[in-house]
S.K.: 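Input: one structure, supplied below.
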Amino acid sequence: GGAALLAAAIKAERAKGVPTFVAFAGDALSPSVLAGFDQGATMMEFFGLIALDAFVPGNHEFDFGPAIFAERMRAAKCPLLAANLRTKSGGAPEGFRDTFTLDLGGLQVGVVGATLETTPDISQPGPDLVFSPTVKAVADNAALLRKAGAQFVVAVVHADKPTGQRLLEIEDVDLVLSGHNHDLHLDYDGRGALMESRQDGLFVATVEIDATFVGEGAKRKLAWTPSFRVIDTRGLEPDPAAAALIAKADAALSKDLDKPVATLGVELDSREETVRTKEAALGDLVADALRAATGAEVALTNGGGLRGDKTYPVGATLTRRDFLTEMPFGNHTVLLHVTGAQLLAALENGFSQVEKGAGRFPQVSGLTVTAKLGEPAGKRVVSVEVGGKPLDPAATYSLATNDYMAKGGDGYVSLAAAAGPGGADRGARLMANDAMDYAAKLGTIAAPGSARITLE
């Protein structure tokens, strides 16, 4: 929904006549309601419309698997960068390069890109792509750019905040343009700068570089200062061409998506700070739906898989669009058989990064669990009951989950072990459809009753 405003912001900057470089630092193809239908095709069309100068993939570019990733990247009409991404044979993926250099107002600017090195843990890039450490890849390539004559080096990266700070310390890198953290961030230490725009085109971080050379001969150096500006796109008129593209896509969706499913007798909260840190009524609903669809004893789904980032008030009507907004990844419902020990390990993993707001936080059904967050990760679960009885580490339980977690996503390696070497059968049903069917049968969604997760 923010695409037309983002396009307007970029067009306005370019219209000023100042040499301009526009980079996208990842997470375009997914997640969104539309992506659940076109797997990111419209987003690539949009990027062609705004004429990006560089594109670095984020972890969500791989959500639909390696074949769709390759197909979408072939449709790109701008340089693709990922210096830390290789095929198993050692070469760059088709269409990708590590760096390039451009003349920006007489300044020779070297650009290096890198994607998120932990992508295999949280998405589905497949076994044939290798992700190496971001900092080393950027540092090595920045040095090569300097040797080749680059006077100013920009790193476009999809990286977490600690990695971004380490990149800022690389002497050969002047400016880091980052993605992945879903927030607005500007940092300048007097030598280098780091910035990130917020998601959905809400705010666009820009920096104007005032550069000049000082000294002579071997002592000649570039001196530069940044002027940061944040564009609040809410004050802009949507770009007509981008708005038309969005309207066309939205019209195709609306006929089916706006059908009512159920009424709310309780508030549902899918904000990140809720579904990634505590039991949420929406998490209970989805977990209950997975359990009902499979007949499993227990169900477990990751809070990070709920992506609406909004609240639904009591009395509201949920539509199919709402469910697909919350579960846009196209994940399938999976039935596993796990030992009690494997289930305990899964729960420990789920509570291991609550302080970071990690997406692995567990939303559950059929069990109650108490955890102490003050304890070290891996030793936080105090008690678990299944069906009112203490968890038996040696017993076997039927578990409903999603295919992403069953493959070990978000650190759920114990579930991948339960699935076996062949991996989990994806199942025939989208978990979003199972949630819709379950909610429709309920008619009115009520409060879940007693607490399932207690955090001490």
Side-chain angles (χ1 to χ4, degrees), residues 266 274-306 333-420 424 427 431 434-435 438 442 446-456:
V266 61
T274 299
V275 296
R276 294 173 179 236
T277 62
K278 59 186 177 182
E279 179 183 349
L282 179 61
D284 291 341
L285 174 68
V286 173
D288 286 346
L290 300 184
R291 188 169 160 227
T294 59
E297 295 169 90
V298 296
L300 185 65
T301 191
N302 55 324
L306 303 175
T333 303
V334 170
L335 178 65
L336 299 177
H337 290 87
V338 301
T339 65
Q342 289 171 325
L343 179 55
L344 177 60
L347 291 169
E348 287 284 11
N349 172 68
F351 296 118
S352 66
Q353 297 185 16
V354 180
E355 301 89 341
K356 298 179 180 179
R360 65 187 60 192
F361 187 90
Q363 300 292 338
V364 304
S365 176
L367 59 85
T368 57
V369 55
T370 299
K372 288 187 176 181
L373 299 186
E375 297 297 319
K379 297 182 179 180
R380 294 181 166 180
V381 176
V382 176
S383 65
V384 182
E385 290 187 353
V386 177
K389 297 180 180 180
L391 179 75
D392 181 354
T396 298
Y397 300 93
S398 55
L399 167 73
T401 187
N402 61 67
D403 59 319
Y404 168 67
M405 294 169 64
K407 294 175 182 176
D410 267 348
Y412 281 95
V413 293
S414 67
L415 300 189
M431 62 181 293
D434 284 334
Y438 180 74
L442 291 177
S450 58
R452 303 174 183 186
I453 297 174
T454 302
L455 302 178
E456 299 179 346

S.K.: Could you tell me whether the side chain of L336 reaches within less than 4.5 Å of the side chain of T401, counting heavy atoms only?
M.R.: yes
S.K.: What heavy-atom pair brings A346 and Y412 nearest, and what distance separates the two atoms?
M.R.: O-CE2, 3.1 Å
S.K.: List for me each residue that meets side-chain contact (heavy atoms from CB on, under 4.5 Å) alongside Q353, sequence neighbours excluded, and say none if there are none.
M.R.: K356, A358, R360
S.K.: If only atom types and distance count, is the side chain of E279 paired as donor or acceptor with the main-chain N or O of T454 below 3.5 Å?
M.R.: no
S.K.: Going by heavy atoms in the side chains, are E456 and L373 under 4.5 Å from each other?
M.R.: no
S.K.: Mind listing the closest non-hydrogen atom pair of G340 and L391 along with its distance?
M.R.: O-CD2, 3.4 Å
S.K.: Inspect the contact between K372 and E348 and indicate whether a charged nitrogen and a carboxylate oxygen are less than 4.0 angstrom apart.
M.R.: no
S.K.: Report yes if the side chains of L344 and V381 come closer than 4.5 Å at any heavy-atom pair, otherwise no.
M.R.: yes
S.K.: Counting C-beta onward and ignoring hydrogens, is there a side-chain heavy-atom pair between V364 and I453 closer than 4.5 Å?
M.R.: yes
S.K.: Can you tell me how far the OG1 atom of T396 sits from the CD atom of Q342, to the nearest 0.5 Å?
M.R.: 8.5 Å
S.K.: At their closest point, which heavy atom of S352 faces which heavy atom of A377, and how far apart are they?
M.R.: O-CB, 3.8 Å
S.K.: Given E355 and R380, is the salt bridge (charged side-chain N to carboxylate O under 4.0 Å, His left out) satisfied, shown in steps?
M.R.: CA-CA 13 Å; E355 301 89 341; R380 294 181 166 180; 2.5 Å; yes
S.K.: Within the 4.5 Å heavy-atom criterion, are L343 and L367 side-chain neighbours or not?
M.R.: yes
S.K.: Hey, what do you get for CE (M431) to CG (D403), rounding to the nearest 0.5 Å?
M.R.: 9.0 Å
S.K.: What pairs of residues pass the ring-ring contact (aromatic ring centres under 6.0 Å, His included) test when at least one of them lies in residues 358-399, not counting sequence neighbours?
M.R.: F351-F361
S.K.: Do L442 and Y438 make a side-chain contact, defined as non-hydrogen atoms from C-beta onward lying under 4.5 Å apart?
M.R.: yes
S.K.: Is it true that D288 and R452 make a salt bridge, defined as a side-chain N closer than 4.0 Å to a carboxylate O?
M.R.: yes
S.K.: With heavy-atom distances below 4.5 Å as the criterion, would you say the side chains of L399 and L415 are in contact?
M.R.: yes
S.K.: Heavy atoms only: give me the nearest A400-L290 pair and the separation to one decimal.
M.R.: CB-O, 3.5 Å
S.K.: Quick one, V286 with L306, criterion side chain to side chain contact (heavy atoms under 4.5 Å, CB included). Give me CA distance, side-chain angles, the key distance, then yes/no.
M.R.: CA-CA 9 Å; V286 173; L306 303 175; 4.0 Å; yes
S.K.: Find out whether V384 and L347 are in side-chain contact, i.e. whether some heavy atom of one side chain is under 4.5 Å from a heavy atom of the other.
M.R.: yes
S.K.: Could you grab the distance from atom CG of D410 to atom OG1 of T301, nearest 0.5 Å is fine?
M.R.: 9.5 Å
S.K.: Check L300 against P362 and note the closest heavy-atom contact, atom names and distance.
M.R.: CD1-CB, 3.3 Å
S.K.: Between Y404 and N302, do the side chains contain a donor N or O and an acceptor N or O under 3.5 Å apart?
M.R.: no
S.K.: Looking at every non-hydrogen atom in both residues, tell me the closest pair between G295 and S398 and how far apart they are.
M.R.: O-OG, 4.4 Å
